Amino acid sequence: MRGRLEDALSAAEVFNGNGTPTAPEHKILRRPAMKKALSKLLEQALLPVAGDHAGRLRHAGLEQARDARNGHYASSAAMQLAGRLKRPPAEIAEEIAAGLSQHSLIGRVETAGPGFINIWLDPGALQAELVRIVAESDAYGSCDIGGSRKVLVEFVSANPTGPLHVGHGRLAAVGDCLARLLEATGHEVWREYYVNDAGRQLAVLGLSVWLRMVQRENAGARFPEGAYRGEYILDLARRMADELPEAAEAARKGMGWPEDEPAHGKDADRYVDALINTARETLGDELFADIGRLAGEWVLDDIRDDLEQFGVGFDHWQSERELVTCGEIDACLKKLAGVTYRRDGALWFPAEKYGDEKDRVVVRADGRSTYFASDIAYHYGKRKRGADVLLDVLGADHHGYVGRVRAGLEALGEPPSSLEVLLVQFVALYRGGERVAMSTRGGEFETLRNLREEVGVDAARFFYVSRAGEQHLDFDLDLARKQSNDNPVYYVQYAHARVASLFEKMHARGIGFSPDDGEEHAGLLEHPREIDLMLALARLPETVEQAAVQRAPQVLAHYLVSLAQAFHGWYNHCKVLDAEPGLRRARLLLAQASGQVLRNGLGLLGVSAPRSM
RNA sequence: GCGCCCGUAGCUCAGCUGGAUAGAGCGUCGGUCUCCGGAACCGAAGGUCAGGGGUUCGAAUCCCUUCGGGCGCGCCA
């Protein structure tokens with residue numbers, strides 16, 4: 001397990017002028033995040049008023065105020081307690097507000113409306129936070145609430161039968177961002193990709209490649225509907241002919257066809273099976289298997305490369321075939337022998353007893369184990385390898401399988417709650433107002449590779465991660481290409497580039513600066529735009545925590561846009577280099593802190609923080 | 001048919017697990033600078049939160065229901 005946050009961030013440069021890390025160690029304060037510190041204060045103030053009831057509130061009812069007129073933070077504690085205390089909420093609010101002692105964090109407290117407690121932070125506290133940001137540098141925003149719990153994040157796991165499409169891209173971006181967030185919040189994270197290389201689909205892939213090889217020799221040869229029709233199959237066929245001369249030789253001789261081609265659906269599937277058998281007879285079992293295996297490996301190589309270029313890496317690629325050959329599945333079935341039963345020649349797992357819809361087959365009548373069996377074994381293995389939490393990021397079409405895997409885990413003595421599944425909805429692609437179908441078989445789909453090349457990694461990742469996973473996502477390709485310059489990601493990145501540019505200009509003018517200079521004059525940061533910006537900066541830690549806990553990367557993406565907004569607003573209203581020396585130093589500190597927070601936040605999304613654009 | 005998810009501005013989406021007058025980007029309209037990068041800033045218009053009921057101090061958020069969309073329901077993976 002590696003610290004990806006560090007990887008992501010250590011490469012980033014600091015804006016302190018000479019490129020070396022700035023802050024002395026002693027300035028790194030182990031203080032809680034701003035919001036957490038506030039809720040602690042509030043809880044203390046709550047005790048004398050509400051006694052035992054106070055503990056029932058989450059964060060003491062504290063939340064960010066939506067409207068600036070209602071303070072920086074607001075608490076609804078009084079209203080939530082009114083029922084239990086049988087007292088009017090406004091009265092309770094008054095008492096709590098009075099009890100919020102003159103702590104240095106708090107600038108002003110007011111009660112309002114039906115019983116809200118509105119809190120304004122003290123400018124001094126916000127200014128002190130700037131020093132902390134610069135001191136903690138790349139670590140600002142991270143915390144240790146994870147308590148080193150081990151989380152195994154499994155994501156993408158697309159079948160190696162074709163290139164990744166834009167739907168997989170969403171899984172990749174969301175899964176990777178979640179992993180980064182979990183690392184930043186003190187979890188130990190493993191990233192895994194499960195490779196379905198054991199089933200029928202590889203035979204279909206092999207068949208598809210083989211038939212294209214035949215077609216290369218004889219243009220009149222047919223190609224069935226149930227096989228993979230994508231263009232990448234043609235490339236694989238070309239390569240296969242070079243790699244396996246005996247197969248190429250066989251392709252020249254051609255292959256007989258079983259019978260007339262049935263048109264659609266299940267019949268097409270059955271026909272493909274018949275074709276697979278014919279191909280096996282023509283080529284021999286071994287050669288036919290080689291074609292499928294090789295093609296699968298090549299496709300997987302492509303997927304690996306694709307993801308790497310997308311900024312997504314995995315600690316482990318778990319092959320399903322390996323689970324089978326290593327006997328892990330058999331071992332797992334043995335453990336389940338007490339509960340499984342035979343019916344119609346197959347071995348069944350009584351999933352219904354464990355809350356699933358119905359019982360499931362684990363070993364077919366012909367003796368082969370099912371996908372479900374390997375899936376139980378895989379997830380059980382994850383637990384045995386020491387993972388506390390199994391976090392699966394899956395396409396929404398997998399929701400039916402959550403229940404059975406949980407059932408399997410439970411039957412094996414593992415807590416079903418250790419499996420946590422994040423279902424990510426499909427991506428609907430539109431081009432020219434028309435919906436683009438996305439099926440690997442039909443061959444008509446937009447690849448992640450194309451998307452990357454056309455809109456760029458940063459824009460694509462930011463776009464994916466800006467939407468809640470459970471939300472259906474419409475991806476208009478024309479719009480994505482045409483408006484890529486209007487993408488919010490550039491707005492955020494531009495803020496970062498402006499900071500870099502500012503410091504370059506500073507050097508060009510021969511102005512010196514150190515964070516200590518800034519700290520000395522930080523008290524001058526009183527402009528409303530400065531308060532807004534400092535407040536936004538101080539919210540990174542609570543935002544990261546919230547995004548991680550809720551498994552909701554979009555929270556961070558939206559935060560960054562609002563932070564960039566605060567930055568641009570400030571930058572347009574407050575001169576930095578042209579300000580008088582004291583104020584200039586204070587503002588340079590603010591700019592440096594802004595660059596740091598932007599960089600940290602973007603890093604957690606896997607988006608670059610450029611110094612110029 | 002049964003089950004899961006979704007429906008918020010013209011478009012794409014947020015909305016901190018029940019809080020105050022529902023927000024942002026794009027698009028539209030109108031402004032800002034002898035400006036440290038205008039990929040910026042400031043402002044305006046635009047909403048029966050799909051419809052209807054309920055729960056309570058308070059609902060886009062929770063419950064029921066209708067409508068609309070997506071996805072599942074294999075001895076496929």
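The model shown is predicted, which means the values in this text are computed figures rather than measured ones. Below, read A as the first sequence line, B as the second, and so on, with proteins coming before strands; counting in each chain starts at 1.
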Please check the phosphate of [N] (OP1 and OP2 only) for any side-chain N or O of [X] closer than 4.0 Å.
X: A/R342; N: B/C75; value: no
X: A/S501; N: B/G37; value: yes
X: A/K358; N: B/G3; value: no

Any strand is fair game: report the nucleotide pairing with [N] by Watson-Crick or G-U wobble, both distances under 3.5 Å, or none.
N: B/G18; answer: none
N: B/G7; answer: B/C67
N: B/G27; answer: none
N: B/C49; answer: none
N: B/A40; answer: B/U32
N: B/A60; answer: none
N: B/G72; answer: B/C2

Taking atom [atom1] in both [N] and [M], compute the distance separating them and give it to the nearest angstrom.
N: B/A14; M: B/A24; atom1: P; result: 16 Å
N: B/A39; M: B/G25; atom1: C1'; result: 14 Å
N: B/C29; M: B/U66; atom1: C1'; result: 40 Å
N: B/U28; M: B/G10; atom1: P; result: 16 Å
N: B/A60; M: B/U21; atom1: P; result: 10 Å
N: B/C63; M: B/C6; atom1: P; result: 10 Å
N: B/C49; M: B/G37; atom1: C1'; result: 40 Å
N: B/A9; M: B/A22; atom1: C1'; result: 11 Å

Proximity to the side chain of [X] - top-ranked nucleotide from [options]:
X: A/Y494; options: B/C76, B/G38, B/C36; value: B/G38
X: A/Y571; options: B/G37, B/U21, B/G72; value: B/G37
X: A/M613; options: B/G72, B/G37, B/C36; value: B/G37
X: A/T370; options: B/A77, B/C5, B/G3; value: B/A77

Within 45° of the ring axis of A/Y73 and under 6.0 Å from its six-membered ring centre, is that where the NZ or CZ of A/R539 lies?
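Flagged: A/R539 positioned over aromatic ring of A/Y73.
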
Please confirm whether A/R343 makes a cation-pi placement over A/Y341, using NZ or CZ under 6.0 Å from the six-membered ring centre and within 45° of the ring normal.
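Pair A/R343/A/Y341 does not count as cation-pi.
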
Atom [atom1] of [X] and atom [atom2] of [N]: how far apart are they, to the nearest Å?
X: A/L577; N: B/G37; atom1: CG; atom2: C1'; result: 13 Å
X: A/Q565; N: B/C42; atom1: CD; atom2: C1'; result: 12 Å
X: A/L394; N: B/G70; atom1: CG; atom2: P; result: 22 Å
X: A/I276; N: B/A77; atom1: CD1; atom2: P; result: 12 Å
X: A/Q201; N: B/G74; atom1: CD; atom2: P; result: 18 Å
X: A/I117; N: B/G19; atom1: CD1; atom2: P; result: 16 Å
X: A/Y464; N: B/G25; atom1: OH; atom2: P; result: 24 Å
X: A/Y491; N: B/G38; atom1: OH; atom2: P; result: 13 Å

Mind checking if [X] touches a base, just sugar-phosphate, or nothing, with heavy atoms under 4.0 Å?
X: A/E320; result: sugar-phosphate
X: A/D356; result: nothing
X: A/R529; result: sugar-phosphate
X: A/S612; result: base
X: A/H573; result: sugar-phosphate
X: A/N70; result: base
X: A/Q493; result: nothing
X: A/R539; result: nothing
X: A/K505; result: sugar-phosphate

Heavy-atom side-chain contact between [X] and [Y] under 4.5 Å:
X: A/R585; Y: A/R587; result: no
X: A/W317; Y: A/E192; result: no
X: A/L422; Y: A/V174; result: yes
X: A/H558; Y: A/Q554; result: yes

List for me each residue that meets side-chain contact (heavy atoms from CB on, under 4.5 Å) alongside A/L347, sequence neighbours excluded, and say none if there are none.
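side-chain contact (heavy atoms from CB on, under 4.5 Å) check on A/L347 returns A/T340, A/R342, A/V362, A/V363.
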
No-H, no-angle donor-acceptor pair, A/H568 side chain to B/C41 base, under 3.5 Å
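Answer no: no donor N or O sits under 3.5 Å from an acceptor.
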
Between the base of B/A22 and the side chain of A/D67, is there a donor-acceptor distance below 3.5 Å?
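Donor-acceptor pair under 3.5 Å: no.
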
Closer than 4.0 angstrom, basic N to acidic O: yes or no for [X] and [Y]?
X: A/D366; Y: A/R368; answer: yes
X: A/R509; Y: A/D578; answer: yes
X: A/K35; Y: A/E63; answer: no

Judged by each residue's nearest nucleotide on RNA chain B, which is more toward the 5′ side, A/F372 or A/N572?
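Whichever sits nearer the 5' end wins; that is A/N572.
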
Hey, which of these two, A/A396 or A/V561, hits RNA chain B nearer its 5' end, going by closest nucleotide?
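First, find each residue's nearest nucleotide; the 5'-ward one identifies A/V561.
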
With syn defined as a glycosidic angle within 90° of 0 and anti as the rest, where does B/U34 land?
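Here B/U34 takes the anti form, which means its glycosidic angle is more than 90° from 0.
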
Stepwise, does the side chain to side chain contact (heavy atoms under 4.5 Å, CB included) test hold for A/L590 with A/L533?
CA-CA 8 Å; A/L590 179 54; A/L533 178 54; 3.8 Å; yes

A/F155 meets the ring pair (Phe, Tyr, Trp, His ring centres under 6.0 Å) criterion, sequence neighbours left out, with A/F314

Can you check each nucleotide of nucleotides 10-16 of chain B against protein heavy atoms at under 4.0 Å and return B for base, S for sugar-phosphate only, - for none, in 5' to 3' order?
--SSSSB

